[in-house]
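Encoded as structure tokens, the structure appears first; notes follow it.
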There are 2 protein chains.
Amino acid sequence: MKNFTFESPTKIIFGKNRIHDLAAEILAYGNRVLMVYGGQSIQQNGLYTQITEHLKENDISVFELAGVQPNPRLESVRAGIELCKTYEVDFILAVGGGSVIDCSKAIAAGVTYSGDVWDFFIRKAKIENALPIGSVLTLAATGSEMNGGTVISNPETSEKRPAGSDLLKPKFSILDPTLTFTVNKYLTSAGVVDVMSHIFEQYFTPDQGTTLQDHIAEAILKTCIQYGPVLMDDPENYEARSNIMWASSLALNGLTVTGKMYGDWATHYIEHELSAYYDLTHGAGLAILFPVWMNYVLDEKRAFKFAAYARNVWGVTIENDMEAALEGIAKTKAFFKEIGMPASLGEANIDDSKFDSMVEGACKFGPIGMFRKLNKEDVKNILTSAL
Amino acid sequence: MKNFTFESPTKIIFGKNRIHDLAAEILAYGNRVLMVYGGQSIQQNGLYTQITEHLKENDISVFELAGVQPNPRLESVRAGIELCKTYEVDFILAVGGGSVIDCSKAIAAGVTYSGDVWDFFIRKAKIENALPIGSVLTLAATGSEMNGGTVISNPETSEKRPAGSDLLKPKFSILDPTLTFTVNKYLTSAGVVDVMSHIFEQYFTPDQGTTLQDHIAEAILKTCIQYGPVLMDDPENYEARSNIMWASSLALNGLTVTGKMYGDWATHYIEHELSAYYDLTHGAGLAILFPVWMNYVLDEKRAFKFAAYARNVWGVTIENDMEAALEGIAKTKAFFKEIGMPASLGEANIDDSKFDSMVEGACKFGPIGMFRKLNKEDVKNILTSAL
């Protein structure tokens, strides 16, 4: 186990009707709020009205940035920064899923920065200051509600890049599982895949002796596998929604990577290229890529870890490590198919025409991955196997 | 899953030589420190000198409260409060195990309170203010390093009582597993039992649908079961010490009780009576009592939960719930024996002479326990079965 520092200060306010706590939480930080959200769903389901009225009743001024898209775009971030400056906003409230929260974080980082906010994503500048943010989560997937990471897309350059800072960790996140009742099957499944993928990235690493962290990772995976299929038939199952929602936050708040050098993240880098070029739902792209990545990096040296995954998560009882590993990967692929995710790029109408650009993009800063380092040829091979 | 609020702001600074970070962490809060510690072990192993020199080099004034005992006593707390007032201390640093941290928390709560600090423990007053505290952990057991709870003994009244507040959560805790290399076998085992017992108290509850939390609880238990015996033969095994140390913090930081009404805690209430009267090591008392409690509360209605424990933690494959439950309890008892813990009160030289007073003490505020409510007769039966 490697040395680590773990700090997860986000206050989690979990359960039915916890939206009533919102104003009190915000008022600890400010009373001029930029409310960031996506499409019309929160207007249609009444959440928009509920929140804005609640805030106004508590003398909180609300300014709005609407229309944040999945794979949130740089132009939304820039628009949000302008709004914050114009209206002297002192708190940013994200109401939505990971895209809305990520956009809010980028705005929070950009407001006090004198240069262009994209600098943080191309590693030209470091985040040194940020407005406080909070979130009301409406989609269980990215874990952005409990960490300091953000991923923004720049359509001008076909880039989708991450940035992060402890300063961007939400002060609080309200997690009401009933707010995810109306999420459709496809996005629900993509969310489950996203949660599982965050665990994969942190589980399949070269680190040794992180038994506790790996068992916790397995606990999160088992929970996803139990409840994902339940939601296909019963989208308003509170037990399933609540377990998946809490799993989404714990999967990427730093807990399962404690004692490890870093996660692998190669598959995420490759997927970011897919969704930069095709605007594919992140979880769907991960569902296509992860079984391919697993098969590609599996070898005698790494079989023990995939075998542990197969046994502890899927109950595989095969004694031979390599055979157990292959069985675990096959079960993973079958599970993603069972919950309605595409199994190949072809199923997502993606061909090989952009592969060369994607390979360059994924390896822009050099080889990727920690469990097994992947160069451009490897990335091309993985994409080709995913066709 | 019930509504919950989860907030775990303690910064965990984990690994070898992290003591070098100490002064910088303290200086965020103050520079007049009361250093609280126990016996001579930190003087013998050099930690005392290392810390005091490091703090002085960083212009931090250090005042000292030494001699805090296991099952920390009210008189130490009162002495610490006086020192804080006399020297205008602005930060309390606990260097030790749970007893030292608990004592430090009680001091922190008492400094700004106008009444007697014992009021917090007999539910006469609520903690509304506290000095900031930090810890350097030297024993993996209580989890006090990452929560807001404290347990103090009052020898005058033979009482050992808990109190707690979010205000008492350490700002940071330094967890260097090498500092536990010299902990003897008995205290190492008692620590492992303590960690497992915290999980038991939060796992065996009437709550339904907390699958994620229960799987995380099982992850912590499996880790204790894997590494506890390793430390019997190899006390300087870093992998084992580090897994047990991180497990101790995660076992009682609120994570595994999220979505549940409250833990059971009946066994802890009974054990507090034992160690109030006999100054028994807390973990040893728990090792005696827990298998007895499990057998006592086990019935058809509760068998499914003990069966889940047996299967998911111990790999029991028996299909019948009651039989699986009994097998899991037997394995628990055998494990505690394997790591050198006493299996009965008799082995700890405790007879039934104080049982009536203990029963009164344990039920001072009414029946105890959530999984199955225990009245005075039940507590007496459990103590008698433990003889």
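Chain A is the first sequence line, chain B the second, and so forth, proteins listed ahead of strands; every chain is numbered from 1.
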Using a 3.5 Å cut-off and no angle test, enumerate the donor-acceptor pairs between side-chain atoms of residues 223-232 of chain A and protein atoms at least two apart in sequence or in another chain.
residue : atom : partner : partner atom : Å
A:T223  : OG1  : A:A219  : O            : 2.8
A:Y227  : OH   : A:E239  : OE2          : 2.6
A:Y227  : OH   : B:T211  : OG1          : 2.4

- So what's closer than 4.5 Å to chain B heavy atoms on A:M146: side chain, backbone, both or neither?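 Answer is side chain: those atoms of A:M146 sit under 4.5 Å from chain B.
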Under 3.5 Å donor-acceptor pairs involving side-chain atoms of residues 14-24 of chain A, not counting sequence neighbours:
residue : atom : partner : partner atom : Å
A:R18   : NH1  : A:F14   : O            : 3.1
A:R18   : NH1  : B:F4    : O            : 3.0
A:R18   : NH2  : A:D21   : OD2          : 3.1
A:R18   : NH2  : B:T5    : OG1          : 2.8

- Check whether any side-chain heavy atom of A:N3 lies under 4.5 Å from a side-chain heavy atom of B:I13, and answer yes or no.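 No; the side chains remain at least 4.5 Å from each other.
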- Message: At a heavy-atom distance under 4.5 Å, which candidate from A:D176, A:N243, A:I216, A:I244 has the highest pair count against chain B?
- Response: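 It is A:N243.
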- Most heavy-atom pairs under 4.5 angstrom with chain B, which of A:P9, A:G209, A:S8?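 The option with the most such pairs is A:G209.
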- residues 194-203 of chain B: residues contacting chain A (heavy atom under 4.5 Å, by number):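 The stretch does not come within 4.5 Å of chain A.
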Would you list the atom pairs, donor with acceptor, under 3.5 Å between side chains in residues 166-174 of chain A and any protein atom, with sequence neighbours excluded?
residue : atom : partner : partner atom : Å
A:D166  : OD1  : A:K169  : NZ           : 3.1
A:K169  : NZ   : A:E7    : O            : 2.6
A:S173  : OG   : A:S135  : OG           : 2.7
A:S173  : OG   : A:E145  : O            : 2.7

- Message: Can you confirm whether more than 12 heavy atoms, excluding those of B:K305, are under 6.0 Å from its NZ atom?
- Response: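 Buried by this count: over 12 neighbours within 6.0 Å.
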- Query: Is A:K260 atom NZ crowded by more than 12 heavy atoms from other residues, nucleotides or ligands, each under 6.0 Å away?
  - Reply: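 It does: A:K260 NZ has more than 12 such atoms within range.
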- For B:T258, is it the side chain, the backbone, both, or neither that has a heavy atom closer than 4.5 Å to a heavy atom of chain A?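 When you check distances to chain A, only side chain atoms of B:T258 fall under 4.5 Å.
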- Item | Contact class of B:L250 relative to chain A, heavy atoms under 4.5 angstrom |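 For B:L250, the contact with chain A is made by the side chain alone.
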- Heavy atoms only: give me the nearest A:W246-B:L212 pair and the separation to one decimal.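 Nearest pair, atom of A:W246 first, then B:L212: C-CD2, 3.7 Å.
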- Task: Mind ranking B:A247, B:G259, B:S242, B:A240 by heavy-atom pairs under 4.5 Å with chain A and telling me who comes out on top?
- Result: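 Most heavy-atom pairs under 4.5 Å with chain A: B:S242.
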